Amino acid sequence: HKVGLVLYQETHPWPQKNYIDSALNELGNVVSFVTIFEENSDSFIPELNATYDYIKAKYPRVKVYQWPHTNQFDFANLNQLTADGFIINPRWHWSEKTERPGGGVGGFESAYLLQALATGKPVINLLYLGAGADLSGVHPNYIWEYAIGQYQAAAKYHIQVAVYEPFAV
């Protein structure tokens, strides 16, 4: 099994070296990969690359995945990110076969998955299962076909799938 760790650097500029060192000195020997924050926009490319460089120089065994935001990152720019792999989290994006609200089909596979695969790097697709922020139920606008279509596309291309849901203690 692979274990990933999201490095939640809350303040800029990145890299937040003390935070990274604290996390990886404690957990670096049990994680398979880390990702630098989550759902990053194009505007953070220089900081994301600097964080990647810092981690790889100090912890060369750790794989560093980048997690671009499907609404705020132009996937045509993926090759500008230094990465060992990519995490994509399309959430509300439908499959190529599922009709989206308001009509039309498509989105996930052509807009995100194929562009990530074109980099030649490993891809992990996060399935969002629609839980509300308070975990009390499914978001009212969510339909299961989103996750089903994404899972089918991931199976078609033999990529890893993980489930992402908020967890509150």
Side-chain angles (χ1 to χ4, degrees), residues 1-8 27 30-45 47-49 51-52 55-56 59-133 135-167:
H1 297 300
K2 289 189 176 181
V3 176
L5 174 67
V6 179
L7 296 173
Y8 282 100
L27 300 170
V30 296
V31 298
S32 305
F33 67 92
V34 298
T35 183
I36 305 164
F37 209 69
E38 65 172 90
E39 299 181 326
N40 294 296
S41 73
D42 300 77
S43 63
F44 295 138
I45 289 174
E47 289 179 88
L48 291 165
N49 289 343
T51 303
Y52 174 93
I55 293 169
K56 293 304 280 189
Y59 308 94
R61 184 196 69 76
V62 176
K63 300 288 184 201
V64 181
Y65 279 54
Q66 298 282 14
W67 186 344
H69 195 295
T70 51
N71 292 332
Q72 299 174 13
F73 193 101
D74 181 352
F75 271 52
N77 296 329
L78 281 181
N79 283 322
Q80 293 180 26
L81 282 174
T82 309
D84 295 321
F86 294 100
I87 293 178
I88 55 175
N89 180 16
R91 291 190 186 207
W92 301 99
H93 294 277
W94 44 92
S95 75
E96 300 302 309
K97 297 175 185 170
T98 304
E99 185 172 340
R100 62 184 171 191
V105 296
F108 165 66
E109 193 172 335
S110 59
Y112 307 111
L113 181 57
L114 292 178
Q115 291 189 60
L117 290 172
T119 67
K121 297 178 180 176
V123 174
I124 299 172
N125 180 56
L126 290 183
L127 295 179
Y128 174 64
L129 300 181
L135 303 177
S136 65
V138 175
H139 190 284
N141 296 326
Y142 186 80
I143 59 172
W144 286 106
E145 284 79 2
Y146 295 144
I148 292 167
Q150 291 170 22
Y151 181 80
Q152 290 171 337
K156 175 180 171 183
Y157 295 100
H158 308 287
I159 68 165
Q160 296 179 49
V161 173
V163 174
Y164 174 75
E165 288 300 328
F167 178 73

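All figures in this text were calculated on a predicted structure; none of them were measured in a lab. Just so it is clear, the values below take in all heavy atoms, side chains as well, and ignore hydrogens, waters and symmetry mates.
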Quick one: ring-ring contact (aromatic ring centres under 6.0 Å, His included) partners of F37, sequence neighbours excluded? Y8, W14

Are F33 and D84 packed together at the side-chain level, in the sense that at least one heavy-atom pair is separated by less than 4.5 angstrom? no

Which heavy atom of K56 sits nearest a heavy atom of K63, and at what distance? NZ-CA, 4.2 Å

Please lay out, stage by stage, how L5 and V62 fare under the test side chain to side chain contact (heavy atoms under 4.5 Å, CB included). CA-CA 10 Å; L5 174 67; V62 176; over 6 Å; no

Taking side chain as C-beta onward, heavy atoms only, is V64 less than 4.5 Å from I36? yes

Drop me the distance from Y112's OH to N89's CG, to the nearest 0.5 angstrom. 10.5 Å

What is the minimum heavy-atom distance between A154 and V161, and which atoms define it? CB-CG2, 3.4 Å

Spacing of S32 atom OG and R61 atom CZ [to the nearest 0.5 Å]: 7.5 Å

Taking C-beta and beyond as the side chain, do Q80 and N49 meet within less than 4.5 Å on heavy atoms? no

Quick check: closest heavy atoms across D74 and D42, and the distance to 0.1 Å? N-OD1, 3.0 Å

Are any of the side-chain heavy atoms of V6 and V34 separated by less than 4.5 Å? no

Given side chains that start at C-beta, do those of I88 and L113 come closer than 4.5 Å, heavy atoms only? yes

Using the test side-chain hydrogen bond (donor to acceptor under 3.5 Å, both in side chains), find all partners of N40 that sit at least two apart in sequence or belong to another chain. none

In sequence, state the C-alpha distance, the side-chain angles, and the governing distance for T35 and Q66, and then conclude on side chain to side chain contact (heavy atoms under 4.5 Å, CB included). CA-CA 6 Å; T35 183; Q66 298 282 14; 5.8 Å; no

What heavy-atom pair brings A116 and V123 nearest, and what distance separates the two atoms? CB-CG2, 3.8 Å

If I take atom CD from residue Q152 and atom OH from residue Y157, how far apart are they, to the nearest 0.5 angstrom? 12.5 Å

Close side-chain approach of P122 to Y65, heavy-atom, < 4.5 Å: yes

L81 side chain reached by Y52 side chain, heavy atoms, under 4.5 Å: no

Is I159 close to I124 at the side-chain level, that is, under 4.5 Å between some pair of heavy atoms? no

Check side-chain hydrogen bond (donor to acceptor under 3.5 Å, both in side chains) between E47 and all other residues, then give those that pass, not counting sequence neighbours. H12

